[in-house]
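Just follow the structure's listing: the first ligand is 1, and inside any ligand the first atom is 1.
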Amino acid sequence: MPDFTRSFDEDIDGTAIAHIDRGLFEAHARDEAGYGDVAGHDRMWFVARDIAFDHPVTADQTARMLTRMGLDATPLSASKVTRLRQGALSRRVLPDDIDFTLETVVSRMIGLLLIEISASHTFRWAEAVLGDTDLVAGEGSAGVLVSFIRSDETPHVAWLRTALSEMGDRTWLGSGGAKHAGGDMISLLWDRAVADSVLLRRSENINSAMGEVEHALSGRSDAVDIIDEMLSLGSVVRLDDGTVADAGGPAPLG
Ligand SMILES: [Fe+2]
């Protein structure tokens, strides 16, 4: 964590910024990942899936699914951390005199906010599908579980939006005392994050979702028909190289 009191020219007393390292990040992390014996959203999603599909899958299948989706659950090695940091340093967008740790934390907060916003669309969809008692097991309880996850996202979005707005309204201090308008600093990070999110992540996400659909249908004689029908219902199209792209463009943020 950067020293927030020395990062800005103005006072941060009583702001959300002053609470980032006094509970906000930690509370958000516990909601997502759980804490001790208390399950977070990570396990709640698996429980919703197991209720809805009426037969619990093994941890082994879960690990394989995460691998297929490119999610590596093993802890980062020290050398990987160094490589990631060097990569991030080479693509930093703020002036060199701004604390790189501050840039990293604010970039992460913006990334989280964008994930929360796009996730809210998925949550609404999942709640409707898993709440459909004609379609899935559990008498609607899987959908109720998703609604609990969704309601936790409201304060996540709110604290991120508040702290980022406060930072944008302040003057950022460089290491030599130079002053930078916070609105400019936030814009630089925001624009890069939005470009990554709508161009890069969107494409990665629909391709990994398609991979899961194809995996689930493999071995079925009507797999091609089902995929064709699914694609006919939306704006995602198959490209010549076999990957998929959203011909309707990215969904508008928010
Ligand atoms: Fe969240």
Is the positively charged end of R30 above the ring of Y35, judged by distance under 6.0 angstrom from the centroid and angle within 45° of the axis?
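Satisfied, under 6.0 Å and within 45°.
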At distances under 2.8 Å, what protein N, O or S atoms surround the Fe ion (ligand 1)?
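You should have found E32 OE2, E116 OE1, E116 OE2, E153 OE1, H156 ND1.
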What are the two closest heavy atoms between S218 and H215, and how far apart are they?
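For S218 and H215, the tightest heavy-atom pair comes out as OG-O, 2.9 Å.
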Minimum heavy-atom distance between I186 and V106, given as atom pair plus value
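Nearest heavy atoms, I186 then V106: CD1-CG1, 3.9 Å.
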Heavy atoms of other groups near R43 CZ, more than 12 under 6.0 Å:
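Enclosed: over 12 neighbouring heavy atoms sit under 6.0 Å from CZ of R43.
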Measure the OG1-CZ distance between T15 and R170 for me, rounded to the nearest 0.5 Å.
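Answer rounded to 0.5 Å: 5.5 Å.
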Would you confirm whether E166, through its side chain, and I17, through its main-chain N or O, come within 3.5 Å as a donor-acceptor pair?
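Checked: pair present.
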